[in-house]
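Notes follow once the structure below has been shown.
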Amino acid sequence: MGVMSGPYVIRGSVSLPEAELMWRFSRSSGPGGQHVNTSDSQVELRFDLAATEALPEVWKERALQRLENRLVGGVIAVRASEHRSQWRNRETALVRLASLLAEATAPPPRPRRRTRIPRGINERRLREKKQRGETKRGRSGRDW
């Protein structure tokens with residue numbers, strides 16, 4: 001097997017610190033046949049979001065707020081068990097954690113600038129509505 005293709009960049013120059021990642025391995029219920037009963041291929045990756053120094057303070061607050069219902073004591077956990085090999089599950093878990101943190105630390109979207117609908121367009125819309133109503137009224141055979 002190769003070496004992990006890290007460091008996992010969250011955004012810009014900020015990446016996940018290898019030292020702060022906590023790994024746990026257990027038997028997976030996924031594919032693998034008899035092999036599954038003997039190997040610890042399921043991966044659980046834990047990252048202490050509340051105590052980390054790797055993220056800028058603003059990002060950390062943003063992430064803690066956005067992920068609050070996923071955190072257990074300030075720690076975020078990600079699981080991966082879809083591959084037979086533990087190594088590939090580790091890769092998957094790392095990618096998931098990095099993308100989760102990237103999403104959670106993203107700056108809020110710019111507020112929408114309201115624009116006015118030009119009067120001519122609005123008037124045309126109302127004229128067309130009126131015309132359509134007339135057309136439909138003409139279809140009812142009331143005055144026969």
Side-chain angles (χ1 to χ4, degrees), residues 1-140:
M1 289 284 161
V3 181
M4 298 293 264
S5 54
Y8 273 84
V9 177
I10 296 172
R11 199 169 50 256
S13 60
V14 181
S15 59
L16 283 169
E18 195 64 49
E20 292 184 26
L21 299 177
M22 296 166 280
W23 296 96
R24 219 170 78 199
F25 308 102
S26 56
R27 304 238 165 111
S28 174
S29 63
Q34 294 170 348
H35 170 76
V36 132
N37 305 327
T38 58
S39 63
D40 291 345
S41 60
Q42 177 171 291
V43 171
E44 187 181 342
L45 174 58
R46 296 159 66 76
F47 179 66
D48 195 342
L49 191 57
T52 187
E53 295 295 317
L55 298 176
E57 204 54 46
V58 186
W59 286 23
K60 194 158 107 174
E61 284 169 23
R62 217 181 273 154
L64 284 168
Q65 185 187 352
R66 288 185 185 163
L67 298 171
E68 66 184 339
N69 41 356
R70 276 199 68 163
L71 298 174
V72 180
V75 177
I76 188 153
V78 176
R79 261 208 185 105
S81 63
E82 46 276 9
H83 303 292
R84 275 186 66 161
S85 98
Q86 185 193 93
W87 186 79
R88 284 178 68 191
N89 281 332
R90 287 177 68 143
E91 286 278 309
T92 306
L94 266 171
V95 168
R96 264 189 215 154
L97 182 63
S99 66
L100 193 68
L101 288 174
E103 208 174 287
T105 57
R110 281 215 181 102
R112 180 183 176 277
R113 271 183 46 203
R114 296 197 53 185
T115 54
R116 287 194 57 225
I117 298 171
R119 202 169 91 212
I121 289 178
N122 209 20
E123 284 174 355
R124 188 180 74 200
R125 182 181 64 87
L126 293 174
R127 249 197 333 273
E128 286 171 0
K129 270 173 74 82
K130 186 72 84 187
Q131 182 61 50
R132 188 93 182 116
E134 289 297 321
T135 305
K136 289 186 169 190
R137 197 172 299 117
R139 288 183 189 151
S140 73

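Keep in mind it's a predicted model, so treat the numbers as computed, not measured. Index from 1, following the sequence.
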Over all heavy atoms of both residues, which pair between [X] and [Y] is shortest? Give the atoms and the distance, please.
| X | Y | answer |
| --- | --- | --- |
| Ala77 | Glu44 | CB-OE2, 3.7 Å |
| Arg137 | Glu134 | NH1-OE2, 3.0 Å |
| Gly74 | Asp48 | O-OD1, 3.3 Å |

Sidechain-backbone polar pair: [X] side chain, [Y] backbone, donor-acceptor under 3.5 Å:
| X | Y | result |
| --- | --- | --- |
| Arg79 | Leu45 | no |
| Ser140 | Lys136 | no |
| Asn89 | Val43 | no |

Side-chain heavy atoms of Gln42 within contact of Phe25, under 4.5 Å: no
Take atom [atom1] in [X]; do more than 12 heavy atoms of anything else shown fall under 6.0 Å from it?
| X | atom1 | answer |
| --- | --- | --- |
| Arg66 | CZ | yes |
| Arg114 | CZ | no |
| Glu123 | CD | yes |
| Arg24 | CZ | no |

Between CG on residue Leu64 and CG on residue Leu49, distance to nearest 0.5 Å: 4.5 Å
Geometric cation-pi criterion Arg90 and Trp23, 6.0 Å radius, 45° cone: yes
Candidate pair Glu91 and Arg88, rule salt bridge (charged side-chain N to carboxylate O under 4.0 Å, His left out), full reasoning: CA-CA 5 Å; Glu91 286 278 309; Arg88 284 178 68 191; over 6 Å; no
